[in-house]
Amino acid sequence: GKKFLAKKRLSKVDLTVCTGEVMAMYREHGADVICLDETGLGSGVVDRLKELQREHHIGRDVEIRGVNFGSANTDDKDAARYVNVKARMYGLLAEDLKSGFQLPGPPHSDSYLDEMPMLLYSFDSKGRMIIESKEDFKKRTGRKSPDDTDSLALANYGRYHTVKVGKMSADAFRSTSRPFAS
């Protein structure tokens with residue numbers, strides 16, 4: 001929902017430490033969706049979490065979603081409004097902040113209130129929203145990367161477009177599956 005539960009900042013940690021931190025937060029708070037930035041180290045964390053899910057350490061009904069901020073939107077309506085997934089994530093966050101999403105209180109809110117007003121957006125020739133790159137933000141402001149706001153936008157994005165999980169009949173499974181053997 002629209003509730004901030006926790007935040008933990010990690011810096012220069014390896015894949016196993018990052019995965020362990022995600023698992024600790026999952027155990028403490030639960031989740032329907034776990035969203036991770038899939039670029040760089042994140043793709044390995046996504047893979048390891050999916051492996052842990054297959055080993056029943058994470059519920060089967062939990063969606064583990066790797067998100068590449070620069071990837072194109074797959075929905076035609078979103079592709080017409082936003083240049084990429086990052087712009088859509090920020091668009092959704094802006095809409096949610098206007099409609100009742102509450103930022104956490106201090107000290108967690110300090111970084112968001114510092115970063116958010118500094119981020120710029122514009123529109124391309126097709127009228128689609130673009131969020132400035134981290135590099136442009138750092139060069140323009142002389143500040144560090146807006147990682148806290150990126151993580152908030154990513155966490156909020158997890159509330160949207162969940163994968164629908166259903167049951168498949170045994171007959172349907174038999175007709176589509178092939179045995180794997182060497």
Side-chain angles (χ1 to χ4, degrees), residues 1-11 18 21-22 25-26 29-43 45-46 49-50 61-165:
K2 295 182 178 182
K3 185 177 178 185
F4 180 96
L5 295 175
K7 171 182 166 180
K8 181 148 190 177
R9 183 185 307 244
L10 303 175
S11 180
C18 187
E21 293 289 348
V22 172
M25 289 191 89
Y26 168 71
H29 301 289
D32 296 324
V33 180
I34 299 172
C35 275
L36 296 117
D37 180 354
E38 194 169 39
T39 55
L41 176 72
S43 64
V45 176
V46 169
L49 290 171
K50 287 180 179 180
D61 58 335
V62 175
E63 178 189 354
I64 299 168
R65 184 186 307 168
V67 178
N68 184 327
F69 286 31
S71 65
N73 290 293
T74 56
D75 180 81
D76 290 342
K77 182 179 163 190
D78 293 337
R81 291 185 64 194
Y82 306 104
V83 167
N84 55 23
V85 169
K86 178 180 180 178
R88 179 159 193 282
M89 288 186 336
Y90 272 91
L92 292 169
L93 180 60
E95 290 170 17
D96 288 340
L97 286 167
K98 290 175 190 171
S99 68
F101 182 88
Q102 295 288 319
L103 289 175
H108 295 298
S109 60
D110 296 347
S111 60
Y112 303 126
L113 296 174
D114 189 44
E115 290 176 358
M116 276 194 235
M118 299 291 294
L119 284 162
L120 295 181
Y121 68 93
S122 59
F123 297 92
D124 71 0
S125 63
K126 296 178 184 176
R128 299 177 304 169
M129 180 191 282
I130 302 169
I131 302 296
E132 76 178 318
S133 70
K134 287 184 180 209
E135 294 75 27
D136 289 346
F137 176 87
K138 291 189 290 188
K139 187 181 345 175
R140 182 179 57 80
T141 65
R143 296 169 170 249
K144 65 180 181 63
S145 177
D147 292 333
D148 288 335
T149 303
D150 278 354
S151 70
L152 180 65
L154 180 62
N156 185 61
Y157 184 63
R159 300 183 321 107
Y160 296 89
H161 293 294
T162 58
V163 172
K164 295 187 177 23
V165 177

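The first residue in the sequence is number 1, and the count goes up from there. Please read all numbers here as calculations on a predicted model, not as lab measurements.
With values rounded to the nearest 0.5 angstrom, M116 atom CE is found 4.5 Å from L103 atom CG. Once rounded to the nearest 0.5 Å, the distance linking CG of D37 with CG of N68 reads 7.5 Å. The structure places CZ of R88 at 8.5 Å from NZ of K77, a figure rounded to the nearest 0.5 Å. Here the OG atom belonging to S111 is positioned 10.0 Å from the CG atom belonging to D147, to the nearest 0.5 angstrom. Atom CG of L154 is separated from atom CG of L36 by 7.0 Å, given to the nearest 0.5 angstrom. To the nearest 0.5 angstrom, L152 atom CG is 8.0 Å from Y90 atom OH.
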Inset, instruction - Give the C-alpha distance, both sets of side-chain angles, the deciding distance and a yes or no for salt bridge (charged side-chain N to carboxylate O under 4.0 Å, His left out) between E115 and K144. - result: CA-CA 10 Å; E115 290 176 358; K144 65 180 181 63; 3.5 Å; yes
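Listed by first and then second residue, the ring pair (Phe, Tyr, Trp, His ring centres under 6.0 Å) pairs that reach into residues 110-136 are Y121-F123, sequence neighbours excluded.
The backbone N or O of I130 sits nowhere less than 3.5 Å from a side-chain atom of K86 that would complete a donor-acceptor pair. Not a single donor-acceptor pair under 3.5 Å links the side chain of T149 to the backbone N or O of P146. R65 places a side-chain N or O within 3.5 Å of a backbone atom of Y157 that can act as its donor or acceptor partner. D124 places no side-chain N or O within 3.5 Å of a backbone atom of V83 that could act as its donor or acceptor partner.
With contacts defined as side-chain heavy-atom distances shorter than 4.5 Å, the pair I131/F69 does not qualify. Side-chain contact check for L92 versus R159: every heavy-atom pair is 4.5 Å or farther apart.
A pairwise comparison of heavy atoms in T141 and M118 identifies CG2-CE, 3.5 Å as the closest pair. For the pair N73 and A79, the tightest heavy-atom approach, listed with the atom from each and the gap, is CB-N, 3.8 Å. E38 approaches V46 most closely through the heavy-atom pair OE2-CG1, 4.4 Å. N84 approaches G70 most closely through the heavy-atom pair CB-O, 3.8 Å. Minimum heavy-atom separation, A72 to V85: O-CG2, 4.0 Å. Contact record, C35 with V67: SG-CG2, 4.4 Å, taken as the closest heavy-atom pair.
Annotation for D32: atom CG does not count as buried by contact number, only 12 or fewer foreign heavy atoms lying within 6.0 Å.
Using modelled atom types and a 3.5 Å distance limit, the side chains of Y160 and D96 yield a donor-acceptor pair.
The residues D148 and K7 are annotated as salt-bridged, a charged nitrogen and a carboxylate oxygen being separated by less than 4.0 angstrom.
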